[in-house]
Each structure stands twice: as C-alpha cells, then as structure tokens.
Amino acid sequence: MAEQGHKQNTNREVTAGTFPEISVIVPLLNEEDNISPLYKQITEALFGGHEYEIIFIDDGSTDNSLAELSRLQKDDTKIRIIRFRKNFGQTAALSAGFTHARGKIIVAIDADLQNDPADIPKMIKKLDEGFDVVSGWRKERHDNAVTRLLPSKIANWLISKITGVNLHDYGCTLKVYRREILDEINLYGEMHRFIPALASWSGATIAEMVVNHRPRTAGTTKYGLGRTWKVILDLITVKFLLSFSTKPIQLFGGWGLISFILGNLSGLAVISMKIFKKTDMTGNPLLYLTILFLVISAQFILMGLLAELLVRTYHESQNRPIYSIREILESNGKRQS
Ligand code: UDP
Ligand code: MG
C-alpha cells in the first residue's frame, strides 16, 4: 500500500487509524491575527470532503501565534503544530511540513490570508485530472507594484526561460503536490519557489491554475526587494542541478576544453608573430592571454573532476538513483505475445 510507503514521521494518536488523504502545510512567522480566520477558512473549504490534517509550522514567531495555535488545537485533532527553535525561513518551514505530512496530497498555503483556502478543492480536482503539481497563479495580485510586482514579473519570466518550466507565478505559495514528487526533492536556501522546476527534473507533470489573491489585512510582509538577488543566485543553482547535477564534467570540462583551445590558439599566435614579425614574445600581451586560458582550462577540468567525485558520493552514499521511475508495469507472470 502506498500508505505504508510514507515517511516514518508519524504521530501515534492519529496513525492508529488511517492517514489523512490531504495535508495542508502552513508556514508562519508572527501571524497572530491571521491564524484563527485562516483556520476557519481552511476548515470551511475542506470539511466534509477527504480526510485532512493541517500542519502549522511556527517559524520562530515572537508574538502570540503559538498561543493562538495551541488554543485552536485544543478543539481540533486535525491540527498539528511544528515549532521551530528559531526563525529558519519559509523554505525551511515548508520543508519541515513536507517531511512530517502524512497525506498523499500536500497543499502549501501562506498563513497571511493572501491565498484563499477556497481554491484548495479546485486545485485538488485539477491534480486528480492526472497532474503531479498544481501551482497557483495570482493573476490579480494585491502587493506593492514597485517592490514586489515588477521584480516578480521579471523573475517569473527569467525562471521560465532558464528552467524551461513555463509558469506565470513561481512565487505563489499556494500549490498542491503529490507526495511522491516532494519525497524526491531536498530544499535549501530560498528554494521553495523552485519546487516545480526541480520536480520537472523527475518528469513531474505541472499545471497552473488562476487563484484568488487578497491584500494583507493583518501583520506585515516579511520580504522586500532584498529577496531579488537571492532568487537569482538560487536560480543559478537550480539551472545547474537540472542540467548537470549528474554529469558536472560535461559542463566544467566543456568550458575547460574551450579555454584550452583558446589558450593554444593564442599561444600559436604568439609564436608565429615571433617567427614572422619578430614581435618580442615577452612584450606580447597575447602571451598573458595564453597563460590565463591554459590556467583556467586546468582549473575548470579539475573542478569538473572534483564535482564528479562529489556527485558519486552524493548518490552512492544515499543509494539515490540518477533517474526517477513513475511506475513499473509487471505482466503478472503471463507471457505477452
Ligand atoms: N514566513 C515564514 N518564515 C519567514 C518568512 C515568512 O514562515 O521567515 C511565512 C509568513 O508568515 C507567511 C508566508 O511565509 O505565512 C509568506 O510570507 P509573506 O506574506 O511575508 O510574503 P509575501 O506574501 O509578502 O511574499
Ligand atoms: Mg503574503
């Protein structure tokens, strides 16, 4: 059964029965006034349908968020609270939620009421059409135009171009995932926005769906323009992981070879200028270019070889395959003609 394949992080009280079908993951930092209405809205959206659990991750809040969560938990066993020792960031909070989720379908949503829980059932329906990830698109977004909307437009365009996964809104936390997809992904830095791109590596099918977006009415946003450069750096990492994580020598070695060829061409030029034009070799700037290219080429190739060792250590130490299997179809012993 798929249920037995779930990760081992199980809570005994609830595991006595069956696992909930859906896990709603809510990372939060200082959202005391939003928690209670959010809980109500999630309950309204999901109650009476599939079995579900709501996992709140308190990412080091310093206000009354935890007290608020504990109060709600007294009356509802569907609520689970993960409390961080300090603020580790939204990506870490989501990652903790994913690890401890027991559902087959995992929903991530912001705690600030900007995402609308009423969208969740529609998104799950879309997932059931045969997708692995359904990503929210805040088509009419209510955030600051200069510090948020413009950088986000550029970032979404860039991420789509570079990763080849075309989404309008990578930054929307409201997404629905099949758990198998998340099991294969490890998150670092600020990478939660790149989950669809990382999932595409293992062949996940991804759908986008327009969702409601509301202005923040309580609490403050935790981000500003400063996030932009982090996103760009993470994008470089993701591109590298997607294209070369199992074959780094092909990237570094490629640059190394190009550099080696350029160095040799430049060296040949220095020698032929000496022979035919009597140009002094040590006074020829091309000599420095030759040295530069040859040193860089050795660096690149060595870097590629080191990266190859690291990749092997990474995969072999954890028995992580370099592929992802969707399913294995057996013939049940009957011979196919
Ligand atoms: N959040 C978090 N840890 C952090 C920063 C943010 O858990 O270090 C939560 C925050 O409480 C909210 C969600 O992540 O539920 C999105 O944050 P925010 O609304 O500030 O981002 P924005 O919507 O402005 O992009
Ligand atoms: Mg928000």
Side-chain angles (χ1 to χ4, degrees), residues 23-42 54-69 72 79-101 106-120 135-156 159 167-176 187-195 211-232 234:
S23 297
V24 181
I25 311 292
V26 191
L28 63 101
L29 172 64
N30 297 336
E31 306 281 4
E32 55 184 0
D33 295 326
N34 292 319
I35 290 171
S36 181
L38 176 76
Y39 163 72
K40 271 200 204 97
Q41 291 178 17
I42 295 178
I54 312 175
I55 306 182
F56 289 99
I57 301 96
D58 177 12
D59 184 13
S61 296
T62 49
D63 65 356
N64 287 322
S65 293
L66 185 68
E68 198 50 25
L69 290 172
L72 294 172
I79 295 184
R80 298 168 73 200
I81 305 169
I82 297 175
R83 187 179 167 206
F84 277 0
R85 285 186 195 280
K86 68 175 207 23
N87 175 249
F88 284 99
Q90 195 185 346
T91 299
L94 281 167
S95 181
F98 294 155
T99 306
H100 292 267
I106 298 181
V107 181
I109 188 165
D110 277 347
D112 58 358
L113 293 172
Q114 291 200 265
N115 296 137
D116 186 351
D119 286 317
I120 298 175
S135 182
W137 171 13
R138 299 164 293 176
K139 203 169 179 183
E140 292 198 17
R141 204 174 146 184
H142 299 274
D143 278 318
N144 185 301
V146 180
T147 59
R148 308 301 303 279
L149 300 194
L150 186 68
S152 144
K153 258 215 150 72
I154 299 172
N156 284 314
I159 298 172
L167 292 183
H168 293 90
D169 189 7
Y170 270 89
C172 182
T173 308
L174 180 55
K175 292 189 174 81
V176 178
L187 295 175
Y188 297 92
E190 306 267 315
M191 294 249 174
H192 64 270
R193 74 186 53 244
F194 293 107
I195 297 175
V211 295
N212 190 11
H213 191 245
R214 309 176 285 196
R216 214 185 222 281
T217 49
T220 50
T221 174
K222 314 297 180 294
Y223 302 108
L225 259 185
R227 179 156 70 180
T228 317
W229 63 271
K230 293 184 189 161
V231 171
I232 291 173
D234 280 348

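Read the numbers this way: they start at 1 and go in the same order the structure lists the ligands and their atoms.
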G89: numbered ligand 1 atoms lying under 4.0 Å from its heavy atoms: 3 (N), 8 (O)
For atom 9 (C) of ligand 1, closest protein heavy-atom neighbour: P27 O, 3.7 Å
Heavy-atom gap R227 to ligand 1 smaller than 4.0 Å: yes
Face-on cation placement of K86 at F88 ring, 6.0 Å and 45° thresholds: yes
Ligand 1 contact on D59 by region, counting heavy-atom pairs under 4.0 Å: side chain
Per-atom contacts, ligand 1 versus E31 - under 4.0 Å to a heavy atom: 10 (C), 11 (O), 12 (C), 15 (O)
Ligand-side contact atoms (ligand 1) for residue partner K222, heavy atom cut-off under 4.0 Å: 5 (C), 6 (C), 20 (O)
Test applied, side chain to side chain donor-acceptor pair (under 3.5 Å); reference residue, Y223; option that passes from Q90, E190, K230, R148: Q90
N156 side chain vs H168 backbone, donor-acceptor pair below 3.5 Å: yes
Residue selection (non-hydrogen contact nearest atom 15 (O) of ligand 1) among A93, C172, A111, A108: A111
R214 side chain vs L113 backbone, donor-acceptor pair below 3.5 Å: yes
Close side-chain approach of V231 and Y170, heavy atoms under 4.5 Å: no
Enumerated ligand 1 atoms positioned under 4.0 Å from heavy atoms of R216: 18 (P), 19 (O), 20 (O)
N34 vs L28 side-chain heavy atoms within contact, under 4.5 Å: no
N or O pair under 3.5 Å between D143 and ligand 1: no
Residue that, paired with R216, satisfies salt bridge (Lys or Arg N to Asp or Glu O under 4.0 Å) out of D110, D112, D33: D112
Note, K222 side chain near R227 side chain (heavy atom, < 4.5 Å): no
Heavy-atom side-chain proximity of L69 to I79 below 4.5 angstrom: no
Protein heavy atom at shortest distance from atom 19 (O) of ligand 1: D112 OD2, 2.5 Å
Residue, atom name and distance, where the atom is the protein heavy atom closest to atom 24 (O) of ligand 1: T221 OG1, 2.6 Å
Check: S65 side chain, E32 main-chain N or O, donor-acceptor pair, under 3.5 Å: yes
Any side-chain heavy-atom pair of D143 and Q114 under 4.5 Å: yes
Donor-acceptor contact below 3.5 Å, side chain S95 vs main chain T91: no
Polar proximity ligand 1 side, T220 side, N/O cut 3.5 Å exclusive: no
Listed protein N/O/S atoms, distance to the Mg ion (ligand 2) under 2.8 Å: D112 OD2, Q114 OE1
Numbered atoms and elements of ligand 1 in range of L28, under 4.0 angstrom, heavy atoms: 7 (O), 11 (O)
Atoms in ligand 1 with a heavy atom of Q114 nearer than 4.0 Å: 19 (O), 23 (O)
side-chain contact (heavy atoms from CB on, under 4.5 Å), paired with L174, selected from D116, N115, D169: N115
N or O contact, Y223 vs ligand 1, cut-off under 3.5 Å: no
Heavy-atom pair with the smallest gap, counting every atom of E68 and S36: OE2-CB, 3.3 Å
Flag side-chain contact, heavy atom, 4.5 Å: L94 against I57: no
Closest protein heavy atom to atom 25 (O) of ligand 1, given as residue, atom name and distance to 0.1 Å: R148 NH2, 2.6 Å
Atoms of ligand 1 close to D110 [distance to a heavy atom under 4.0 angstrom, numbered from 1]: 13 (C), 15 (O), 16 (C), 23 (O)
Interfacing atoms of ligand 1 (cut-off 4.0 Å, heavy-atom, N87): 3 (N), 4 (C), 8 (O)
Distance from atom 14 (O) of ligand 1 to nearest protein heavy atom, with residue and atom: Q90 CD, 3.2 Å
